[in-house]
Every structure is written in C-alpha cells, then in structure tokens.
Amino acid sequence: MMSSVAAKPCMHVKCRAPMYPRDNISRFPVSDEQVSWSKAYPEYNPPDHTSPSVLAKPVWADPDFRDPAFPQPKWNDLDGKINRKSHSGPYEIIDKVPRNPVGRTGVCGRGCLGRWGPNHAADPIVTRWKRDCRGNQVKEGISGKPILQFVAIQRRDSGEWAIPGGMVDAGEAVSVTLKREFGEEAMNSIEAREDEKVEIEEAIQDLFQNGKEVYRGYVDDPRNTDNAWMETVAFNFHDETGRSVGRIALNAGDDAVGVRWTDLSSSVKLFASHELFVKQTAMLHNSHW
Ligand code: RP5
C-alpha cells in the first residue's frame with residue numbers, strides 16, 4: 001500500500017473565508033501570516049459562535065465543556081465511544097477547550113460542528129478508467145496518460161462537488177462509514193427498492209473489500225473553527241474493469257442533490273480539501289492529472 005499524505009498540514013484557507021457557512025456570521029480576518037498560534041496577534045477577537053442546531057443538543061453533539069457543570073472529557077483519547085484523538089497527534093487544551101492544530105480561523109466555539117476538537121469523517125473515492133464506446137481506455141491528448149474517473153456528489157448545503165463522504169458515528173468502524181455514505185449519497189440506497197438494494201449492496205461489498213488509504217488527517221473544511229475541526233480518512237476503491245460499481249446507475253440521495261462520474265485532472269474544483277485527496281488517487285494510478 002502507498003503511504004498516505006502526511007497528516008500535519010501547516011496552512012488552511014477555506015476555513016478563513018469571510019463568512020462562516022450556513023449561519024451568516026462574519027469571521028474575524030486572519031491573513032496567511034496570522035494563522036499560526038505562535039505568531040502574536042493581540043487584536044484577534046473572533047466571534048464565539050455555535051449554531052442553534054448544535055445548541056439544541058442532538059445526539060451527535062457535545063455539551064458546552066466550558067461550563068463547569070459538565071465533567072471534562074478525555075481529550076486526545078478514546079472517550080467512551082467518541083474518538084477524541086487527532087490524526088495529527090496531540091492537540092492543545094486552552095481555557096478548557098481544544099485548540100485547532102493548524103491555527104486561527106476567525107471564529108471560536110463549534111460553529112455547526114458537533115464535537116469540540118476533531119470531528120471524524122471518512123471519504124470513499126470510487127474510481128474507474130474512462131472508456132470509449134468500444135470499451136477502450138481514453139487517454140488525454142497532451143499527457144498521453146489514461147483518464148481516471150471518480151464518483152462525485154453535489155452537496156445539498158453548498159452546491160459544491162465533493163467526494164461522497166460523511167461523519168463517522170460514535171463507535172462506528174471507518175469501513176462501515178465508507179460503505180454507508182457511498183450507498184446513501186451516490187446510489188440512494190435509502191430510497192431504493194428491495195431488489196435494487198441487494199444489487200447495490202453486492203456491488204459495494206465486492207468493490208469495498210480492497211481499498212487503499214490515500215489520506216489521513218486534517219481537512220480544510222469551511223465549517224472549521226478555532227476549537228472544532230474536520231479530520232478524515234480517505235480510501236480509494238478502484239473498479240479496474242468497470243464491471244462492478246462502474247456499471248451501476250448512480251442516483252443522488254440523502255445529503256446529495258447530484259451525482260456523476262467526473263474526470264480527474266488538475267482543473268477539477270471540489271469542496272474542502274477534496275482536490276488533494278483525488279490528486280493523491282491520480283498519483284496512485286499514474287493517471288492523467
Ligand atoms: C469533509 O466533510 C470530509 O472530508 C467529508 O467529506 C465531509 C463530512 O461531512 P458531511 O458531508 O457529513 O457534512 O470535511
């Protein structure tokens with residue numbers, strides 16, 4: 001197996017956009033030079049924002065641990081069924097809450113993320129070779145390399161194209177999250193007929209047996225804050241012959257409003273850090289990028 005991309009990013013960009021997504025909150029401005037916590041920024045005064053949906057205490061959200069009424073969780077550790085370990089190594093606890101390991105984001109609190117500290121996700125990158133009507137691999141004109149395609153979904157929240165990933169539930173194995181999210185978002189398994197469900201299940205079961213990890217670590221997700229951030233493990237599942245998932249009709253479901261096979265190239269624009277994960281996948285297969 002190839003080694004996946006190093007888990008220690010030193011910069012984030014998408015989580016410093018002027019507006020915090022969904023809630024219409026302005027982020028405190030943070031330039032590239034002001035990201036690092038080691039750089040003094042005495043004027044830094046980010047809004048403390050946690051979305052009403054998180055404050056409503058759904059099962060996937062933590063309580064406010066800044067309130068002494070709540071016992072402190074096991075930071076940097078497995079906390080019951082909740083994984084509070086970071087793929088990037090130990091993070092700091094400042095004023096009772098975790099601090100973003102990459103640096104300032106312009107917002108503190110949790111925003112719309114449920115967990116203080118790392119919020120764990122998993123991303124399935126399902127690929128096949130692009131083929132012409134005779135079944136021959138299509139090569140890109142200039143690089144001469146074969147073109148890889150991956151399954152992209154269009155996110156309901158931002159309209160951006162993305163890998164069909166999702167949050168790892170408390171106590172859930174990453175392998176289960178990968179299959180569940182792909183089935184729900186790219187094949188609409190939730191609304192499929194029983195006979196369709198069997199076909200989807202078989203195709204996914206077969207293909208998802210042999211994945212290769214292409215990334216593990218911090219995600220530059222627009223929802224990140226100074227105290228809560230996304231992390232993921234991205235796996236590539238490759239359908240070499242195109243006869244497994246490659247031949248099943250895609251059907252957007254759950255949090256996705258669109259789904260399609262997308263050619264991999266450096267011009268692809270995706271949600272959060274997903275371009276990095278698909279680039280790693282192209283490198284793995286020595287395909288056109
Ligand atoms: C990203 O958010 C991850 O890479 C993953 O794709 C996604 C999980 O969040 P939801 O799609 O469940 O909102 O950071």
Side-chain angles (χ1 to χ4, degrees), residues 5-39 41 43-55 60-62 75 84-95 97-123 154-163 165-168 215-234 255 268-280:
V5 163
K8 282 261 182 203
C10 55
M11 182 50 72
H12 48 208
V13 175
K14 293 190 178 177
C15 62
R16 287 188 287 129
M19 298 303 289
Y20 188 85
R22 301 182 192 182
D23 300 329
N24 221 22
I25 299 289
S26 296
R27 290 183 185 268
F28 198 89
V30 178
S31 68
D32 287 357
E33 295 69 36
Q34 292 161 331
V35 167
S36 171
W37 296 110
S38 60
K39 176 94 182 187
Y41 188 4
E43 311 83 39
Y44 187 57
N45 186 21
D48 185 350
H49 173 62
T50 300
S51 299
S53 59
V54 175
L55 293 174
W60 45 266
D62 289 332
W75 302 122
R84 299 193 191 277
K85 287 187 199 167
S86 167
H87 294 307
S88 311
Y91 48 85
E92 289 181 288
I93 306 300
I94 309 286
D95 296 332
V97 289
R99 186 155 88 164
N100 187 310
V102 173
R104 299 180 179 96
T105 66
V107 171
C108 62
R110 277 171 292 166
C112 58
L113 297 177
R115 304 279 173 217
W116 293 97
N119 287 252
H120 288 284
D123 284 294
Q154 188 173 26
R155 292 179 64 92
R156 188 184 298 278
D157 55 359
S158 66
E160 292 167 280
W161 287 88
I163 299 162
M167 309 300 298
V168 181
Y215 183 84
R216 175 181 290 264
Y218 184 86
V219 183
D220 181 13
D221 188 296
R223 297 169 290 188
N224 292 352
T225 71
D226 289 359
N227 310 115
W229 60 91
M230 292 297 304
E231 299 200 5
T232 199
V233 186
D255 292 337
V268 74
K269 293 282 168 273
L270 299 173
F271 171 74
S273 316
H274 290 189
E275 280 153 45
L276 172 65
F277 313 160
V278 296
K279 179 179 181 184
Q280 276 295 107

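Small disclaimer: the values here were computed from a predicted structure and weren't measured.
For residues 11-21, the pairs satisfying side-chain hydrogen bond (donor to acceptor under 3.5 Å, both in side chains) are H12-Y218, R16-D32, with sequence neighbours left out. Note on residues 101-117: pairs passing salt bridge (Lys or Arg N to Asp or Glu O under 4.0 Å), not counting sequence neighbours, are D62-R115.
When atom types are taken as modelled, the side chain of S51 and the backbone of S53 share no donor-acceptor pair closer than 3.5 angstrom. Side-chain atoms of E231 never come within 3.5 Å of backbone atoms of H120 as a donor-acceptor pair (strictly under, hydrogens ignored). Under the 3.5 Å distance criterion, the side-chain polar atoms of N227 are matched with a main-chain donor or acceptor of P98. Checked by atom type and distance alone, the side chain of S273 pairs as donor or acceptor with a backbone atom of D220 at under 3.5 Å.
Considering only heavy atoms from C-beta on, R27 stays 4.5 Å or farther from P29 through its side chain. Between Y91 and P118 there is a side-chain heavy-atom pair separated by less than 4.5 Å.
Take P46 and apply the side chain to side chain contact (heavy atoms under 4.5 Å, CB included) test, not counting sequence neighbours, and it matches F28, Y44, C108, D226. Checked against side chain to side chain contact (heavy atoms under 4.5 Å, CB included), S31 has the following partners two or more places apart in sequence or in another chain: E33, Q34. Residues satisfying the side chain to side chain donor-acceptor pair (under 3.5 Å) test with T50, not counting sequence neighbours, are none. In this structure I94 satisfies the side chain to side chain contact (heavy atoms under 4.5 Å, CB included) test together with E92, R99, sequence neighbours excluded. Among residues two or more places apart in sequence or in another chain, the side chain to side chain contact (heavy atoms under 4.5 Å, CB included) test is passed with S158 by R155, E160, F271. Partners of S36 by side chain to side chain donor-acceptor pair (under 3.5 Å), not counting sequence neighbours, listed by chain and number: S38. Applying the ring pair (Phe, Tyr, Trp, His ring centres under 6.0 Å) test to W75 and every residue at least two apart in sequence or in another chain returns F65. When the salt bridge (Lys or Arg N to Asp or Glu O under 4.0 Å) test is applied to R22, the partners found at least two apart in sequence or on another chain are D157. Among residues two or more places apart in sequence or in another chain, the salt bridge (Lys or Arg N to Asp or Glu O under 4.0 Å) test is passed with D48 by R66.
Between H87 and G217, the shortest heavy-atom distance links the atoms CB-CA, 3.7 Å. Listed here is the closest heavy atom pair of G111 and T225: N-CG2, 3.7 Å. Across every non-hydrogen atom of I163 and H274, the tightest pair is N-ND1, 3.1 Å.
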- Item | Stepwise side chain to side chain contact (heavy atoms under 4.5 Å, CB included) test for D123 and Y215 | CA-CA 9 Å; D123 284 294; Y215 183 84; over 6 Å; no
- Evaluate the criterion side chain to side chain contact (heavy atoms under 4.5 Å, CB included) for residue pair F277 and V219; output intermediate values, then yes/no. CA-CA 10 Å; F277 313 160; V219 183; 4.3 Å; yes
